[in-house]
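Following: one structure in structure tokens, then a few remarks.
Every number for a ligand or one of its atoms is a count from 1 in the order of the listing.
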Amino acid sequence: MTVKLEIPVIDLALSDGAERERLCKEVAKVAEEWGFFQVINHGVDESLMTRTLDVYEDFFHSPVEEKTKAVISEDSIEGWKHPTLTQASEYLQHVASQFSAEYVANSWIPATPKYTKKWPPTPAALRPTSIEFVNAATRLHEKLCRMMAEGLGLESDAFVKHFVDPRVSLRANFYPVKTESNFVGGLAPHSDLCNTTLLIDTVDGLEVKKDDTWVRVKVLPNAFVVNVGDLVEILSNGRLKSCLHRGCPNENKERLSVSCFYMPNDDAVLAPLDELLVDGQTAKYKAVRFADYFESLISKGNLLKDRIEQLRVEE
Ligand SMILES: O=C(O)CCC(=O)C(=O)O
Ligand SMILES: [Fe+2]
């Protein structure tokens, strides 16, 4: 018998009230079992989500000359990249495949010159909309990290106190329908190097590895797909899972997804929480400074879970 798996859906409507304790336990449970779930009634304005999708759809449909204004630079993973129309620098060859789907990625918080100078200048609504969206999404990231902590029986701020002055970025991925003449690409199996990821999806194509099966996420309108990133896996000493996933084109429809990555500042040091190292539990990961972990993208690339595996303490 084939069992059709679907990632869990959690309704957050009562998460600040009567149902908080139950919902925190549910969030922690699915983060433990899946590392992936969807949330509805999450509090982020639905029209803001739609406007965010719209500006990125406009971006991807802009003429190449416009997109080139935001082209990815030699030493960075930020900017616009296309599998055939842009060159992947040596740096980028190490951190991602030349053949990944078309994308544009930028950090929006903090708005320091290092990041602002790479923000795409067009379409005009892209900058204000991205800033508005990232601020709203950051509040949801924080809320979910608090809920996971509470659900594990920890203090509410057990995770978020490690994420002061966070860096928050967006990555919009664009997958036209494959034809014989266009190369679309996809996102190879990877885990995300952040604390948590929130993804707005439009058309089915995201796949999540559950045990040995790839499970295709069924898009729900106005939902966010949430996933645990590597850093929450480290802080939780492996209890919460940063799960492998891959981005695929849809067979019939053009597909756009927008991922929002919540990351700590460069100097944050991540290590399994002391509160979890009780009752004979020992640390399963070595401590790491975030900037060093980010740089390990170069040595380890963004494939599979090689980055986090390098921190694993031998048993
Ligand atoms: O577009 C997708 O399905 C996956 C996106 C993703 O995993 C990412 O941006 O990290
Ligand atoms: Fe991802």
With atoms numbered from 1 as shown, which atoms in ligand 1 lie under 4.0 angstrom from a non-hydrogen atom of S257? 1 (O), 2 (C)
Axial cation check for F294 ring with R167, 6.0 Å and 45° limits: yes
Ligand 1 versus D201: contacting region, heavy-atom distance under 4.0 Å: neither
Quick check: R246 and ligand 1, any N/O pair under 3.5 Å apart? no
Does the cation-pi check pass for K210 over W34, that is, NZ or CZ under 6.0 Å from the six-membered ring centre and within 45° of its axis? yes
Name, closest N/O/S atom of H190 to the Fe ion (ligand 2): NE2
Are the side chain of R255 and the backbone N or O of V203 linked by a donor-acceptor pair below 3.5 Å? yes
Non-hydrogen atom of F261 closer than 4.0 Å to ligand 1: yes
What I want to find out is whether R22 reaches E19 closely enough, with some N-O distance under 4.0 Å, to be called a salt bridge. yes
Among the heavy atoms of E207, does any lie under 4.0 Å from an atom of ligand 1? no
Could you tell me whether L206 approaches ligand 1 through its side chain, its backbone, both or neither, with non-hydrogen atoms closer than 4.0 Å? both
Nearest to the Fe ion (ligand 2), which N, O or S atom of D192 do we find? OD1
Counting only heavy atoms, which portion of L187 has something under 4.0 Å from ligand 1: side chain, backbone, both, or neither? side chain
Does a side-chain N-to-carboxylate-O contact under 4.0 Å join D230 and R307? yes
For the pair H141 and Y262, name the ring-plane relationship: parallel under 30°, tilted 30 to 60°, perpendicular over 60°. parallel
Nearest-option assignment for atom 7 (O) of ligand 1, heavy atoms, candidates R171, H245, R216: H245
Under 4.0 Å from ligand 1, counting heavy atoms only, is it the side chain of Y175, its backbone, both or neither? side chain
To check you understand the geometry: which heavy-atom pair defines the closest contact between S100 and L187, and what is its length? CB-CD2, 4.0 Å
How far is atom 5 (C) of ligand 1 from its nearest protein heavy atom, and which residue and atom is that? N173 ND2, 3.4 Å
Just by modelled atom types, is the Y115 backbone N or O under 3.5 Å from a matching donor or acceptor in the E78 side chain? no
Provide, to 0.1 Å, the distance between atom 10 (O) of ligand 1 and the closest protein heavy atom, together with that atom's residue and name. H190 NE2, 3.2 Å
Note: D292-R289 ion pair, threshold 4.0 Å (strictly below): yes
Just by distance, no angles: are the side chains of Y56 and S130 close enough, under 3.5 Å, to form a donor-acceptor pair? yes
Considering only non-hydrogen protein atoms, determine which one is nearest to atom 3 (O) of ligand 1 and report residue, atom name and distance to 0.1 Å. R255 NH2, 2.7 Å
Output the list of atoms in ligand 1 that are nearer than 4.0 Å to some heavy atom of S259, sorted by atom number. 5 (C), 6 (C), 8 (C), 9 (O)
